[in-house]
Amino acid sequence: MLKRLNHDTEFAVALASIPEGRISAFRTSIKKLAHQIVVSRFTLKKGCSSEVEELLKSHKYIFLTNENGKVLGDQPFCNKAMINTLHQSLFDGENSIGVQSREDFVPVLDGNDEPELPIAMVALIATIIYAILMDWRSGNPLSSSQVKSFNATIYISVYKAHEATLTRIFEGGKKKYHTLMARLYKAVSVSDNVWLPSGSLSNFDYLDVSGMSED
């Protein structure tokens, strides 16, 4: 399944929309785990609606920020909530999908053997975090059923927006794209405590492709 996720984005979208069965249970377990991480990382609590709205704006929540809260536009998908959710849901332990399928994480650069995360995997986790923030939009803590609930059909457009952001980075330079996705792979496959190097539905308001590293 991971191999198809890595090379077939249409399959990934279809997978995300399956309403029942094993994939549904898998998706629900990720959202339940991600909810704990998102609440902790973004300090969500009763009355946090304005903070949630700010995180949702231009998908600010996917970006790393500095100590003053300034968005680092050259580090999309590097927020700690993203890193921790990817690690704990897909790379935590020898029997995890990520560890068992490590050979499928192939780089886009010829002659480079650094593994990198696929677009579909990153976009899926970013979409699940978006769904959790939407659940908190009212500023009220969630019930146990809300924590587990995930209607994938509603969020297909969000998935495609994240996919478009990653595609734009790729089109801005394969080296920049590879550097980002290889760093993400390294961060999520080693430890949930690894910190990456600093450096509407559109993510482009914050995105700074020109400032992204190629090394």
Side-chain angles (χ1 to χ4, degrees), residues 16-17 27-89 119 121-169 180 184 187-188 192-212:
S17 66
R27 187 181 59 220
T28 297
S29 67
I30 292 179
K31 184 169 185 276
K32 185 177 180 181
L33 183 154
H35 180 263
Q36 301 172 17
I37 295 169
V38 171
V39 168
S40 174
R41 287 296 170 187
F42 295 123
T43 321
L44 302 183
K45 56 186 177 182
K46 186 175 179 62
C48 65
S49 57
S50 60
E51 290 87 348
V52 170
E53 288 291 349
E54 182 65 21
L55 288 168
L56 289 169
K57 182 181 178 182
S58 297
H59 292 170
K60 179 179 178 180
Y61 70 92
I62 69 169
F63 291 88
L64 196 62
T65 56
N66 65 15
E67 61 276 9
N68 297 318
K70 180 182 178 181
V71 172
L72 302 180
D74 61 341
Q75 300 199 43
F77 303 100
C78 294
N79 187 283
K80 246 325 202 180
M82 281 286 306
I83 302 301
N84 284 6
T85 301
L86 279 161
H87 170 73
Q88 292 186 36
S89 62
I119 284 179
M121 183 177 285
V122 176
L124 178 62
I125 297 302
T127 301
I128 288 175
I129 294 176
Y130 180 96
I132 293 168
L133 291 172
M134 285 295 291
D135 288 343
W136 275 88
R137 205 173 186 183
S138 68
N140 294 318
L142 309 187
S143 66
S144 58
S145 61
Q146 286 177 306
V147 168
K148 295 183 291 184
S149 176
F150 181 70
N151 187 336
T153 303
I154 295 175
Y155 296 108
I156 288 296
S157 61
V158 179
Y159 176 92
K160 287 184 175 294
H162 289 306
E163 185 181 52
T165 297
L166 289 161
T167 299
R168 179 167 176 171
I169 294 169
L180 170 65
L184 284 174
V188 305
D192 58 345
N193 292 317
V194 171
W195 192 261
L196 293 177
S198 293
S200 79
L201 290 178
S202 173
N203 307 349
F204 301 155
D205 289 349
Y206 291 119
L207 185 63
D208 179 14
V209 176
S210 63
M212 293 180 68

Can you sort out the partners of [X] under side-chain hydrogen bond (donor to acceptor under 3.5 Å, both in side chains), two or more places apart, ordered by chain and number?
| X | answer |
| --- | --- |
| Q146 | S143 |
| K70 | none |
| Q36 | none |

Qualifying residues under side-chain contact (heavy atoms from CB on, under 4.5 Å), relative to [X], sequence neighbours excluded:
| X | value |
| --- | --- |
| I125 | I30, M82, T85, L86, S89, L90, I129 |
| K32 | V147, K148 |
| L33 | I37, Q88 |

On a heavy-atom basis, which atom in [X] and which in [Y] lie closest, and how many Å separate them?
| X | Y | value |
| --- | --- | --- |
| F150 | A131 | CE1-CB, 3.5 Å |
| Y130 | H59 | CE1-NE2, 3.5 Å |
| A123 | Y159 | CB-CE1, 3.6 Å |
| I169 | P76 | CD1-CG, 3.7 Å |
| F63 | S58 | CE1-O, 4.3 Å |
| V188 | I83 | CG1-O, 3.7 Å |

Atom [atom1] of [X] and atom [atom2] of [Y]: how far apart are they, to the nearest 0.5 Å?
| X | Y | atom1 | atom2 | answer |
| --- | --- | --- | --- | --- |
| M134 | I154 | CE | CD1 | 8.5 Å |
| K80 | T65 | NZ | OG1 | 12.5 Å |
| D135 | S149 | CG | OG | 7.0 Å |
| L166 | F77 | CG | CZ | 4.0 Å |
| S144 | H35 | OG | NE2 | 10.5 Å |
| Y61 | I132 | OH | CD1 | 9.5 Å |

>> Filter on salt bridge (charged side-chain N to carboxylate O under 4.0 Å, His left out), then keep only pairs touching residues 123-134, sequence neighbours left out; what's left?
In response: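 Passing the test, one end in residues 123-134: no pairs.
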
> Which pairs pass salt bridge (charged side-chain N to carboxylate O under 4.0 Å, His left out) with one or both residues in residues 122-132, sequence neighbours excluded?
Replying inline: none

> Between N79 and L64, is there a donor-acceptor pair closer than 3.5 Å when you use the side chain of the first and the backbone of the second?
Replying inline: no

>> Closer than 3.5 angstrom, by distance alone: can the side chain of K31 be matched with the main-chain N or O of I128 as a donor-acceptor pair?
In response: no

Check: [Y] and [X] side chains under 4.5 Å, non-hydrogen atoms:
| X | Y | result |
| --- | --- | --- |
| V52 | S138 | no |
| F42 | L133 | yes |
| W136 | P141 | yes |

> With sequence neighbours left out, what residues match E53 under salt bridge (Lys or Arg N to Asp or Glu O under 4.0 Å)?
Replying inline: R137

